[in-house]
> 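I am attaching a structure below and will ask some questions about it afterwards.
Protein chains get the first letters and strands the later ones, always in sequence-line order, with residue 1 at the start of each.
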Amino acid sequence: MAKREKAASAAGARFDGLPDALLDWYGRHARTLPWRIGPGERGRGVVPDPYRVWLAEIMLQQTTVPHAAGYFEAFTRTWPTVEALASAEDGDVMAAWAGLGYYARARNLLKCAREVAARGSWPRTEAGLRELPGIGPYTAGAVAALAFNQRAAAVDGNVDRVFARILAAKGEWKDEKRRIADLVGELVPEDRPGEFAEALMDLGATICTPKRPNCLICPLRAWCAAHAEGEPERYPMKPAKKAKPVRFGEVYIVRGASGVAVETRPSQGLLGGMLGLPTTEWREDGKAGRLDWIEGAQEIGEVKHVFTHFELRLRVLTVESEGALPDGYELRDSGSVADALPSVFRKALKLAS
DNA sequence: AAGTCGGGGAC
DNA sequence: GTCCCAGACTT
């Protein structure tokens with residue numbers, strides 16, 4: 001018995017042939033992406049650059065491929081190696097990440113780069129990678145498999161969906177996720193773990209999609225209980241989400257001789273470590289008041305912005321600055337600073353331009 | 001176990 | 001409007 005079937009047999013004969021069918025499909029339909037090497041190249045012993053694999057995986061956490069792609073190109077052009085990134089200024093990296101969201105990723109990206117540069121090399125195992133900041137269960141498995149060809153599983157949202165359907169998983173989603181992770185771990189082929197991980201993600205992204213899965217061309221149809229039932233789109237069965245409360249506040253475009261006033265936000269919490277415009281608290285009761293050091297500001301409109309766990313409505317006000325700014329604020333050219341701001345502040349600045 | 005943390009595209 | 005995306009971290 002070949003190694004591949006032997007690995008699958010631990011999960012029972014039910015999944016015999018599944019890894020081979022998936023890899024065969026991947027050989028013909030793999031997506032071409034900037035951080036990948038081709039499936040043919042892996043066969044000739046080519047291994048991707050761990051730095052590029054890691055950087056892409058961090059950027060792709062809860063982020064679509066089209067959105068991350070431009071950032072990946074910019075980062076690798078500016079910082080071609082992990083040593084280059086480790087030597088970068090914090091503010092430059094945060095500015096380059098602006099607009100990509102989940103800014104703790106950027107803070108941990110720098111911490112991780114500096115740890116790896118100090119060590120002199122990347123850990124090559126899943127457990128070793130898991131110790132680095134910003135690398136959780138998924139990313140540790142992905143980097144181990146993709147960059148180091150270790151027998152590790154990379155279970156992301158795509159893989160959860162694909163196997164929720166294959167199993168027709170009807171139990172508590174928390175329990176089903178654990179079951180899926182165990183199963184995928186058993187199915188990873190010893191000789192091609194990297195391609196197996198990419199193949200599952202490609203299948204989830206292009207065929208086993210959330211809304212209208214294209215079962216007619218799916219290489220795993222024969223193993224899929226949800227397809228047999230006839231309504232694959234019913235899976236995965238996730239718990240309902242909470243409604244987002246609305247918060248209110250004000251944001252100010254303070255114009256001075258050399259630009260607009262910005263601050264560097266505290267390194268913890270929402271938009272932590274990013275540049276921001278002067279703003280009040282954001283409160284659900286709307287009683288945020290005004291910034292006391294600003295006088296005579298004129299309201300020019302409102303911006304709406306949706307964060308992960310609340311919706312924000314910000315009144316936008318403009319004012320000409322006269323005296324010195326309070327500690328923590330500085331003037332920046334209003335044209336160039338926009339690129340370094342998180343989206344909510346970009347919207348406000350655009351309204352005033 | 002639940003909450004925090006961004007942004008945008010597809011529908 | 002809803003859903004979700006190559007999730008991790010804190011409490």
Side-chain angles (χ1 to χ4, degrees), chain A residues 31 33-36 48 52-72 94 97-109 111-112 129-147 152-162 164 172-175 177-178 181 184 194 196-206 208-212 233 236-245 247 265-274 276 282 303-312 341-347:
Chain A
R31 287 179 293 177
L33 298 169
W35 43 86
R36 277 191 184 177
R52 293 168 62 88
V53 171
W54 161 76
L55 178 61
E57 292 305 331
I58 302 298
M59 287 184 169
L60 288 163
Q61 289 167 3
Q62 297 293 288
T63 304
T64 57
V65 165
H67 193 193
Y71 287 85
F72 180 82
M94 299 311 289
W97 198 274
L100 197 52
Y102 284 149
Y103 298 99
R105 292 186 295 173
R107 302 194 298 268
N108 286 328
L109 189 82
K111 283 186 197 165
C112 183
L129 289 160
R130 182 67 182 80
E131 298 300 310
L132 292 168
I135 298 187
Y138 162 74
T139 305
V143 175
L146 299 172
V155 184
D156 70 336
N158 286 307
V159 179
D160 276 335
R161 181 173 60 256
V162 169
E172 283 295 318
W173 181 236
K174 196 86 178 175
D175 300 329
K177 281 185 59 132
R178 194 165 20 248
V184 177
F196 186 75
E198 288 179 342
L200 277 180
M201 292 188 272
D202 281 13
L203 188 77
T206 64
C208 196
T209 53
K211 298 289 176 59
R212 294 275 197 102
E233 63 279 0
M237 296 180 178
K238 297 185 181 179
K241 292 180 179 164
K242 281 180 47 179
K244 292 184 203 290
R247 295 185 190 175
R265 297 171 60 85
S267 61
Q268 311 272 358
L270 191 72
L271 309 179
M274 298 298 292
W282 301 342
V303 294
K304 294 182 184 177
H305 193 75
V306 180
F307 291 99
T308 306
H309 59 290
F310 66 93
E311 178 184 331
L312 180 63
L341 291 172
S343 293
V344 63
F345 296 123
R346 251 183 233 182
K347 288 181 187 176

> Checking side-chain contact (heavy atoms from CB on, under 4.5 Å) against A/L200, which of A/D156, A/V155, A/V184, A/N158 comes through?
A/V184
> Between A/M274 (CE) and B/dC5 (C1'), how many Å, whole number?
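Between C1' of B/dC5 and CE of A/M274: 13 Å.
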> With the side chain of A/P137 defined as its heavy atoms from C-beta on, choose the nearest nucleotide among C/dA8, C/dA6, B/dG3.
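Closest nucleotide among those given: C/dA8.
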> Does B/dG7 have OP1 or OP2 under 4.0 Å away from a side-chain N or O of A/H305?
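Yes, because at least one side-chain N or O of A/H305 sits under 4.0 Å from OP1 or OP2 of B/dG7.
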> In whole Å, what is the span from the CZ atom of A/F72 to the C1' atom of C/dC5?
18 Å
> Does A/T139 make a side-chain N or O approach to OP1 or OP2 of C/dA8 shorter than 4.0 Å?
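Yes.
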> Could you give the CD-to-P distance, from A/Q62 to B/dG3, as a whole number of Å?
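Interatomic distance, CD of A/Q62 to P of B/dG3: 17 Å.
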> How far does the P atom of B/dA10 sit from the matching atom of C/dA6, given to the nearest Å?
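That atom pair is separated by 13 Å.
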> Base, sugar-phosphate, or nothing: which does A/V65 touch, judged by heavy atoms less than 4.0 Å apart?
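Base contact.
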> Considering heavy-atom distances to DNA chain C, does A/R161 or A/E311 have its closest nucleotide positioned more toward the 5' end?
A/E311
> A/R52 has an atom CZ; how far is it from atom C1' of C/dA6, in whole Å?
16 Å
> What integer distance in Å separates A/M59:CE from B/dC5:P?
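Going from A/M59 (CE) to B/dC5 (P), I get 22 Å.
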> Heavy atoms under 4.0 Å, any strand shown: does A/G269 hit a base, just sugar-phosphate, or nothing?
sugar-phosphate
> Could you give the CD-to-P distance, from A/E57 to C/dC5, as a whole number of Å?
15 Å
> Which part of the nucleic acid, if any, lies within contact of A/P133, taking any heavy atom under 4.0 Å across all strands shown: a base, the sugar-phosphate backbone alone, or nothing?
sugar-phosphate
> Please work out if A/I58 contacts a base, only the sugar-phosphate, or nothing of the nucleic acid, heavy-atom cut-off 4.0 Å.
nothing
> Check whether any side-chain N or O of A/R130 sits under 4.0 Å from OP1 or OP2 of C/dC9, and answer yes or no.
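Affirmative; the distance criterion is met.
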> Calculate the interatomic distance between A/L132 atom CG and C/dA8 atom P; express it in whole Å.
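One finds 13 Å between P of C/dA8 and CG of A/L132, rounded.
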> Using the C1' atom on both, measure B/dG6 against C/dC3 and round to a whole Å.
15 Å
> Scan A/Y138 against the nucleic acid and name what it touches under 4.0 Å (heavy atoms): base, sugar-phosphate only, or nothing.
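Base contact - A/Y138 has a heavy atom under 4.0 Å of at least one base atom.
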> Quick one: does A/S343 reach the base of B/dG7 with a side-chain donor-acceptor pair under 3.5 Å?
no
> Could you give the distance separating C/dC4 and B/dC5 at their P atoms, to the nearest angstrom?
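It comes out at 22 Å once rounded to the nearest Å.
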> Determine whether A/L270 and A/W282 make a side-chain contact, defined as any pair of heavy atoms from C-beta on separated by less than 4.5 Å.
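With C-beta onward as the side chain, the pair touches.
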> Base, sugar-phosphate or nothing for A/W35? Non-hydrogen atoms, less than 4.0 Å.
base
> Can you work out whether A/K174 or A/G272 has the more 5'-proximal nearest nucleotide on DNA chain B?
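The residue mapped nearer the 5' terminus is A/K174.
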> Remember a base hit wins even if backbone is also touched, and classify A/L55 as base, sugar-phosphate or nothing at under 4.0 Å, heavy atoms.
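Since no nucleic acid heavy atom lies under 4.0 Å of A/L55, the category is nothing.
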> Kindly point out which of C/dC3, C/dA8, B/dA1 is positioned nearest to the side chain of A/Q61?
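That would be C/dA8.
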> Hey, what do you get for NZ (A/K238) to NZ (A/K177), rounding to the nearest 0.5 Å?
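Atom-to-atom, A/K238:NZ and A/K177:NZ are 7.0 Å apart.
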> Can you check whether A/H309 has a side-chain N or O nearer than 4.0 Å to OP1 or OP2 of B/dC5?
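So the side chain of A/H309 is within the cut-off, an N or O lying under 4.0 Å from OP1 or OP2 of B/dC5.
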> Between C/dC5, C/dC9, C/dG7, which nucleotide has the shortest distance from any of its atoms to the side chain of A/Y102?
C/dG7
> How many Å lie between NZ on A/K177 and P on B/dA2, as a whole number?
14 Å
> Which comes earlier along DNA chain B counting from the 5' end, the contact point of A/A98 or that of A/K242, where each point is its nearest nucleotide?
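The 5'-side residue here is A/K242.
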> Indicate whether any N or O donor in one side chain lies under 3.5 Å from an N or O acceptor in the other, for A/Y138 and A/Q61.
no
> Would you give the length of the straight line joining atom CZ of A/R31 to atom CG of A/L203, rounded to the nearest 0.5 angstrom?
10.0 Å
> Out of B/dG8, C/dA6, B/dC5, which has the shortest distance to the side chain of A/H67?
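So the nucleotide nearest the side chain must be B/dG8.
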> Could you please spell out the steps behind the ring-ring contact (aromatic ring centres under 6.0 Å, His included) verdict for A/F307 and A/H305?
CA-CA 7 Å; A/F307 291 99; A/H305 193 75; 4.8 Å; yes
> Quick one: which of C/dC9, B/dG7, C/dA6 gets closest to the side chain of A/L271?
B/dG7
> Does the side chain of A/E198 come within less than 4.5 Å of A/L33's, by heavy atoms?
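No, side chains not in contact.
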